[in-house]
Each structure stands twice: as structure tokens, then as C-alpha cells.
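Both counts, for ligands and for their atoms, begin at 1 and track the order of listing. Quick caveat: nothing in here was measured; it's all calculated off a predicted structure.
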Amino acid sequence: MGFFRKLGDAIDSTVESVSETAGKVYDYTKENPVKASVGAAVGGVAALAMQAKAQKKNANIKVSPLKPVFEVVVMATMSAGKSTLINALIGQDLLPSSNEACTSRIFKIEDIDEHQGFTARVGGGDWESNPWIDVTTKTLKEMNDSIDDGIVHIQGDIPTINNHDLRLVIYDTPGPNNSQNKQHEQLTKQLLHDGNYGLIIYVLNATQLHVDDDVQLLHDLQQILSEKDDCKDVVFVLNKADALDEELGESIELAVKELTLYLERHGFKSPQILSISSRVALSARNRKNNIQLTRKEDRFLGGILEQIEEGAPFLGDYSTLQETIESHQIESRLQSNNTEQSIESLILYSGVKKLERVLQKSLSNVSDIN
Ligand SMILES: Nc1nc2c(ncn2[C@@H]2O[C@H](COP(=O)(O)OP(=O)(O)OP(=O)(O)O)[C@@H](O)[C@H]2O)c(=O)[nH]1
Ligand SMILES: [Mg+2]
């Protein structure tokens with residue numbers, strides 16, 4: 001074992017024991033106000049240790065400061081599935097999501113190929129000196145729920161996107177139509193006004209099309225884009241397409257046609273629409289990564305798989321984007337009794353791969369221009 005490897009292992013074990021001891025001391029002192037300041041100091045040491053660990057782990061990843069980024073803003077009214085969609089791209093539950101108003105601040109996710117795990121720091125104040133810490137969905141949920149409103153900057157690897165030419169940055173935004181919190185609207189509008197993004201992914205809930213909140217948000221978006229000097233691409237994601245029931249006459253094909261007319265009426269000429277199920281994509285990728293699914297999620301995927309076996313069309317086929325269906329899509333449909341193939345069928349069914357192709361293409365198109 002080389003010197004640096006030994007040194008690395010030594011740092012790892014020291015960090016583990018400092019963090020563990022600090023945790024125990026902190027638990028003890030927080031019960032006792034007199035010793036609370038000791039606890040806080042030890043907590044600080046633990047945070048530093050965590051920070052050192054996060055930095056050491058990714059020290060070998062080269063991020064060229066000169067390499068430009070391509071920024072994408074994901075926006076929608078509340079609960080349309082923005083965070084779930086980004087989690088599906090990441091391939092795990094990372095950003096907080098829920099069936100109630102959830103995201104309350106802006107999350108900036110910077111894709112860095114081969115980055116180990118996810119690290120984050122909170123913006124605001126002296127942003128550059130804020131420490132990077134390892135994060136999980138639990139930590140991010142705590143950051144989301146804190147009263148601070150600075151951006152949470154996350155770095156990690158979005159495995160399906162290749163950053164050869166440009167680095168992808170995705171913004172998750174709070175649904176602006178939250179009557180309980182008017183600040184959400186300001187945060188999203190400010191990002192749209194000031195941001196240096198190249199693409200907007202506008203998510204619509206397929207089960208709630210034509211609601212007034214969307215009309216308002218589409219109008220605001222038109223207004224903001226008309227004030228911008230450069231042209232921004234917009235891709236509309238018809239999310240929750242899995243929830244439409246063809247037997248009840250809720251055809252996805254019809255939904256895409258109606259949405260095209262609706263968006264054209266609101267000033268978006270020849271809109272690019274993709275139908276997707278972020279939930280299927282995320283759950284299938286969780287299963288692929290051997291993450292235990294809840295029984296409900298397991299049954300949900302089972303139901304979708306049955307539909308695929310009965311010949312249900314893939315959601316990605318319903319799109320106004322000109323893309324060919326890949327031949328392995330048809331192969332995977334035939335072999336879905338095999339577990340690995342079943343997961344691939346579910347991911348293909350979800351339509352997420354089509355969105356990934358759009359993102360990858362944007363990264364290379366823009367770098368061609370540069
Ligand atoms: N059936 C179905 N449910 C979905 C899908 N995508 C998201 N959901 C569910 O919709 C709810 C809202 O999802 P979020 O991702 O939190 O929505 P959001 O747009 O980020 O919401 P805010 O942050 O509050 O604006 C959650 O319960 C998700 O599980 C989908 O494709 N299909
Ligand atoms: Mg959200």
C-alpha cells in the first residue's frame with residue numbers, strides 16, 4: 001500500500017472517530033446548558049472533520065474553472081414534480097419532494113463527472129468561504145426547512161449526463177403559486193430574470209392541465225423571456241403521464257395534442273413537449289441501485305410492468321420532439337421477465353431518457369458554438 005493510500009485511510013479513520021466522539025459528547029452536553037458551549041465547539045470540530053472528508057474524497061476530481069457551464073432552470077407550479085424529475089435524472093432520492101408544497105429555496109445542482117457522493121454548501125453572506133459538507137436527502141431536507149433563504153449549491157455526479165464539453169447545472173425552484181409563502185414566487189422570478197441559463201424545463205402535471213396557476217406562470221414566463229436579449233429554449237415536460245387512464249378516455253396522445261394548442265394559445269410557438277413519468281423513472285433507478293422500495297412503490301412498478309407486458313406504449317413515444325425509437329427499446333419489451341431487463345423497460349417507458357438526450361444535445365450544441 002502506497003504512502004498516500006495509507007495517509008488517506010488514516011484520515012478516514014480519524015474523521016470517523018472524531019465525528020463519532022463529537023456526536024457522543026454533543027448528545028451528552030446538549031442535555032446540560034452549562035456544558036452546551038463545549039458541545040457546540042465539539043460539534044464544530046465534527047463539522048470540520050466532515051468537511052475535510054468531503055474535500056479529500058473529491059480532491060482528485062479536476063474541475064476546470066475555465067470550462068463553461070450550461071444552466072437549466074426547472075420550473076412549474078407547486079407539486080407538478082420538479083424535484084422528483086431532477087431526482088430521476090440524478091438516479092436517487094436526493095432533493096426533498098412531497099405531495100404538499102415542498103421546495104422552499106433554490107437548489108443549484110452542479111454535475112461533476114465521477115464526483116463521489118453529494119456535497120453542498122449554502123449560499124448567502126460570504127458564499128465562497130462557506131464549507132462544503134457531505135449531504136443526503138435528510139440533510140437537504142433540513143436545509144430546505146431552515147429559515148435561511150440562500151441558494152443551496154450541490155455538487156455531485158448525474159450519471160447519465162456526460163460533461164465532456166460543458167458542465168451541466170440544474171436549478172430546482174419552489175412552486176411560485178404558494179399562497180402561504182409569497183417569497184417563493186419572488187425567488188423563482190428573480191432566478192428567471194437574472195439567471196444565465198440556456199434552457200428552461202417547464203413541468204406540467206398531466207392530471208391537472210389548464211389550471212389558472214399555470215396560465216399565470218406561463219404568462220409571467222413569456223413576459224420575462226421577452227425582456228431577455230438572448231433566446232432561451234423551453235422544453236415542456238408533461239409529467240405524471242403514468243396517472244392518465246386510457247380506459248377512462250384519458251389518452252396521452254390527446255393530452256399532448258391539447259397541450260400543444262394550449263401552449264400555442266399562450267404564445268409558445270411549436271412547443272417542444274415530452275411526456276414523462278418521473279415517479280416511474282426514479283423508482284426504477286432506485287431499484288436498479290438496490291435501494292429498498294416501499295411496498296406501495298413496489299406494487300406501483302409492478303402495475304406499470306404489467307401494462308408494458310400487455311403492450312402499453314412507452315410514454316417517451318408521445319412527444320412533439322423528432323426522435324427515433326431505439327431498437328433496444330423494442331428488445332427490452334420482449335424480455336421483460338428478466339429483472340434487469342424489466343428495470344430497463346421501466347426506465348425506457350418513463351420517457352426520462354428522451355429528456356436526457358435533449359440535455360446531452362444541449363451540452364454539445366452549446367459547446368460547438370463556443
Ligand atoms: N404518479 C406520479 N406522481 C408523481 C410524479 N412525479 C412526481 N409525483 C408526485 O407528486 C408529488 C409532488 O412532487 P414534487 O417533486 O415534490 O413536486 P414539486 O414540483 O417539486 O413541488 P414543490 O417543490 O412543492 O413546488 C410527490 O408526491 C411525487 O411523488 C409522476 O411522474 N407520477
Ligand atoms: Mg420541489
*Asks:* Only one of Trp132, Phe107, Phe118 passes ring-ring contact (aromatic ring centres under 6.0 Å, His included) with His153; say which it is.
*Replies:*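 With His153 as partner, ring-ring contact (aromatic ring centres under 6.0 Å, His included) holds for just one option, Trp132.
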*Asks:* Do Ser350 and Arg279 have side-chain atoms, one donor and one acceptor, less than 3.5 Å apart?
*Replies:*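 Looking only at side-chain atoms, Arg279 and Ser350 do not form any donor-acceptor pair under 3.5 Å.
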*Asks:* How many degrees, to 10°, between Ser83 OG and Thr103 OG1 as seen from the Mg ion (ligand 2)?
*Replies:* 90°
*Asks:* Which is closest to atom 12 (C) of ligand 1 by heavy-atom distance: Ser97, Gly81, Ala80, Ser98?
*Replies:* Ser98
*Asks:* Quick check: does Ile276 get an N/O under 3.5 Å from an N/O on ligand 1?
*Replies:*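 The answer is no, given that Ile276 and ligand 1 share no N or O pair closer than 3.5 Å.
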*Asks:* Counting each atom of ligand 1 from 1 as listed, which ones have a heavy atom of Thr103 under 4.0 Å away?
*Replies:* 22 (P), 23 (O), 24 (O)
*Asks:* Considering Arg279, Lys240, Lys82 one by one, which has a heavy atom nearer to atom 25 (O) of ligand 1 than any of the others?
*Replies:*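 Looking at heavy atoms only, the winner is Lys82.
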*Asks:* Side chain, backbone, both or neither: which part of Pro96 comes within less than 4.0 Å of ligand 1 when only heavy atoms are counted?
*Replies:* neither
*Asks:* Using a 3.5 Å cut-off on N or O atoms only, is Ala243 in polar contact with ligand 1?
*Replies:*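 N/O-N/O distance below 3.5 Å does not exist for this pair.
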*Asks:* Within ligand 1, which atoms have a heavy atom of Gly175 less than 4.0 Å away?
*Replies:*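 Heavy-atom distances to Gly175 below 4.0 Å select 25 (O).
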*Asks:* Ignoring hydrogens, just give me the one of Thr84, Leu282, Thr173 whose non-hydrogen atom is nearest atom 13 (O) of ligand 1.
*Replies:*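 Selected option, by shortest heavy-atom distance: Thr84.
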*Asks:* Looking at Gln116 and Glu114, would you say the former's side chain and the latter's main chain have a donor-acceptor pair under 3.5 Å?
*Replies:* yes
*Asks:* I'd like to check whether Asp172 has a polar contact with ligand 1, where a contact means an N/O of the residue lying under 3.5 Å from an N/O of the ligand.
*Replies:* no
*Asks:* Does Ala76 have a non-hydrogen atom less than 4.0 Å from ligand 1?
*Replies:* no
*Asks:* Is a side-chain donor-acceptor pair under 3.5 Å present for Asn177 with Thr77?
*Replies:*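 No donor-acceptor contact under 3.5 Å links the two side chains.
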*Asks:* Provide the number and element of each atom of ligand 1 under 4.0 Å from a heavy atom of Ala101.
*Replies:* 24 (O)
*Asks:* Testing the 3.5 Å rule here: is there a donor-acceptor pair between the side chains of Asp317 and Tyr349?
*Replies:* no
*Asks:* Ala241 versus ligand 1: do any nitrogen or oxygen atoms come within less than 3.5 Å of each other?
*Replies:* no
*Asks:* Counting only nitrogen or oxygen atoms and a 3.5 angstrom limit, does Met78 reach ligand 1?
*Replies:* no
